[in-house]
Amino acid sequence: MKKLGSVTGVLQTPVLLIALVLLAALVGVGGDVTVARVATLAIVSVVFVTGLSIFSGSSGVMSFGHVAFMAVGAYTTAYLTIPVNLKAALFTNLPGWLSWLVDAHASFLVALLVSGVAAAVLGVVTSPIVARLSGLQSGIATLALLLIVYNVLNSWTDVTRGSSSMIGIPRNTTIWLAFAVAAGSIAAAWAYRRSRSGLQLQASREDYWAAQASGIAVGRHRALSWILSAFVCGLAGSLYAGYLTSFNVNSFFLTATFAFIVMIVLGGYLSLSGAVIGALVVSGLQELLRRLQDGQFTGGSALPAGVADLILAAVLLLTLIKAPLGLMGVRELVLPRRRRRAAPDDDATEAVTPAAEAPTQAARGA
Amino acid sequence: MTDTAQLSRRPSVLRMADGGIHFDGVKAVDGVTLEVRSGEVLGLIGPNGSGKTSTLNLLSGMLRATSGRIHLDDDDLTRSSMRQRVQRGVVRTFQSGRVFGRLTVAENVEAAALGAGSRRGPARRLRDEILDELNLGAVADTRADSLTAGRIRTTAIARALAAKPRFLLLDEPAAGQNETEAVELITSIRGFARRRDCGVLLVEHDMSVVMGTCDRLHVLDSGRTVVEGEPATVRKDPRVIEIYFGKRH
Ligand SMILES: Nc1ncnc2c1ncn2[C@@H]1O[C@H](COP(=O)(O)OP(=O)(O)OP(=O)(O)O)[C@@H](O)[C@H]1O
Ligand SMILES: [Mg+2]
């Protein structure tokens with residue numbers, strides 16, 4: 001009986017989260033063009049933040065570099081889906097050893113998958129860094145990764161078009177495709193959390209040295225979750241490119257990083273539910289703020305540029321001060337249910353014992 | 001059970017020879033030689049700051065010795081990492097518990113079983129056995145950071161047992177308990193260890209607690225060995241009386 005309860009309990013969270021994303025998709029389908037656009041991009045954000053949460057949620061190590069994986073996914077999709085004749089015109093100075101890029105072409109679904117794999121390859125290459133570093137060092141290293149990828153994309157003009165936009169990507173991302181990828185990502189993130197590796201990584205998040213003392217190969221599990229999370233963020237980049245049809249290298253830098261950080265921190269970076277809810281809530285908030293800035297709520301007089309970002313920053317600050325672990329903390333979304341019959345007994349013993357132990361602490365010291 | 005049968009064929013010894021560790025001039029451990037044999041409980045005692053935890057850190061690999069060697073039977077562990085030593089069956093606990101706070105008791109134990117190399121199914125069976133054995137079943141699904149101090153201690157021990165130890169290094173597992181409770185806890189630890197034919201190094205600062213519960217005692221003061229031997233003999237040693245009772249007069 002306990003087994004049955006725990007199985008439905010285990011699947012409850014991903015099912016509820018996918019239902020939330022489905023709700024967002026339905027709003028998008030039912031709304032006007034703007035609403036559809038906001039909903040689709042919100043779901044793409046869900047994919048990205050779910051990917052980030054695979055690493056940060058279980059390891060407890062925040063990454064400021066995951067947008068680099070998104071960039072790799074977006075560029076890969078661009079190379080594989082822009083029509084070949086347009087590519088020939090866009091990339092006239094490709095170095096010889098990359099000339100095959102002009103002729104490379106794939107269906108969008110293949111491009112989507114290859115984008116994830118390309119990001120995962122960057123994940124494999126960079127995984128030794130996160131396997132070795134913790135805390136502040138790790139945060140700075142992930143930021144360095146973002147800077148490196150950004151600078152390569154921005155400077156290697158012959159291959160990446162530098163600061164000029166990538167254009168002519170066919171629009172292949174539909175809201176339902178985005179939803180399907182989001183659902184798959186949520187399921188994968190949940191499965192990872194419940195896996196052997198996920199459990200050991202969460203143990204190391206709670207106490208690094210105690211995990212080492214339990215024989216847990218912390219570095220190996222960090223690396224594994226890092227690579228999986230890179231893959232999912234690569235998918236997000238591919239969906240993004242396939243939706244917007246053109247993008248610029250600046251789409252994958254500090255502004256995007258900041259927005260995603262607000263999402264995961266507001267929702268709660270230790271919880272998958274927090275990541276998904278944060279992505280949806282902040283996407284909605286961003287749209288409201290954009291409208292506010294455009295003057296839609298102030299009788300048409302536009303507010304100074306930057307007001308929206310300022311308010312977003314204020315939201316982040318307020319969250320960090322008032323609820324450092326976000327809306328969800330370490331909790332996951334579950335349906336409210338009645339407590340088990342045995343629960344009051346447990347509570348009673350738990351409540352009595354500390355009182356009984358208190359004087360003995362004084363008796364023998366620690 | 002098969003493990004126990006295998007191990008009992010060949011009694012093992014965990015040995016530190018002339019081990020030392022210095023912290024910028026402070027000799028926390030200074031030329032200590034000791035050995036723990038499978039099946040026995042060796043009490044490591046000494047006043048505050050005498051180097052008990054540091055000795056345990058050297059044996060477990062949390063700190064690298066600045067001098068001396070550490071062997072498990074014929075294998076040199078001196079350069080092995082803490083993880084490698086856990087795989088070899090040398091498992092420690094911490095003076096402050098250090099349970100995985102936001103995981104449940106069951107997850108704490110399962111994570112340790114997985115860390116020591118068990119596959120998922122066996123890890124879960126081992127977890128359930130240990131939770132039963134240590135009477136933690138009722139709090140299996142409770143988050144470790146909301147437990148009472150007593151159950152945090154038990155969870156830390158359960159976690160160590162999940163790593164299938166051949167040698168358990170316990171740092172003041174009974175800290176904060178009164179004498180009767182401490183003796184009771186250590187007696188039950190003795191039972192867990194016996195059943196696994198596991199050697200125990202037990203750090204404790206209270207002489208009266210270890211008297212009846214340890215097979216042998218090793219006394220440290222200022223990082224050096226004062227005396228080692230049977231509890232009854234050690235207790236009568238004038239140097240031990242000086243350290244433990246001398247300052248009171
Ligand atoms: N990491 C460290 N850096 C510097 N000095 C240390 C360090 N660890 C321990 N020491 C010093 O080494 C000496 C021995 O400390 P240790 O913790 O081993 O003693 P202990 O016997 O376990 O004491 P207690 O009963 O208080 O737990 C002390 O003087 C302590 O200050
Ligand atoms: Mg100590």
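As the structure is a prediction and not an experimental result, all values here were calculated from the model. Reminder, nothing fancy here: chain letters follow the sequence lines and each chain counts from 1. Reckoned from all heavy atoms, side chains included, excluding hydrogens, waters and symmetry mates.
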Looking only at heavy atoms, the pair that brings Gln212(A) and Val86(B) closest together is O-CG2, 4.2 Å
Enumerate by number any residue of residues 204-211 of chain A whose heavy atoms lie under 4.5 Å from heavy atoms of chain B; in the absence of such residues, state 'none'. Arg205(A), Glu206(A), Asp207(A), Trp209(A), Ala210(A), Ala211(A)
If one checks every heavy atom of Arg143(B) against chain A at 4.5 Å, the contacting part turns out to be side chain
With only heavy atoms counted, which part of Leu270(A) is less than 4.5 Å from chain B, the side chain, the backbone, both or neither? side chain
Nearest heavy-atom neighbours spanning Phe100(B) and Ala203(A): CD2-O, 3.2 Å
With a 4.5 angstrom heavy-atom cut-off, which part of Arg220(A) approaches chain B: side chain, backbone, both or neither? side chain
Determine whether more than 12 heavy atoms belonging to other residues, nucleotides or ligands lie under 6.0 Å from atom CZ of Arg190(B). yes
Tell me every residue that passes salt bridge (Lys or Arg N to Asp or Glu O under 4.0 Å) with Glu107(B), counting only those two or more places apart in sequence or in another chain. none
Tell me whether the count of non-hydrogen atoms from other residues, nucleotides or ligands lying under 6.0 Å of CZ in Arg64(B) goes above 12. yes
If you apply the rule side chain to side chain contact (heavy atoms under 4.5 Å, CB included), what do you find for Leu114(B) with His221(A), and how did you get there? CA-CA 12 Å; Leu114(B) 292 171; His221(A) 299 299; over 6 Å; no
Residues Ala213(A) and Arg92(B): closest non-hydrogen pair is CB-CG, 4.0 Å
Interface check, chain A: of Ala116(B), Ala144(B), Gly101(B), most non-hydrogen pairs under 4.5 Å belong to Gly101(B)
What are the residues of residues 118-126 of chain B, in order of number, with any heavy atom under 4.5 angstrom from a heavy atom of chain A? Ser118(B), Arg119(B), Arg120(B)
Sequence neighbours excluded, which residues qualify as side chain to side chain donor-acceptor pair (under 3.5 Å) partners of Thr155(B)? none
Is Arg159(B) in contact with chain A via its backbone, its side chain, both, or neither, using a 4.5 Å heavy-atom distance? side chain
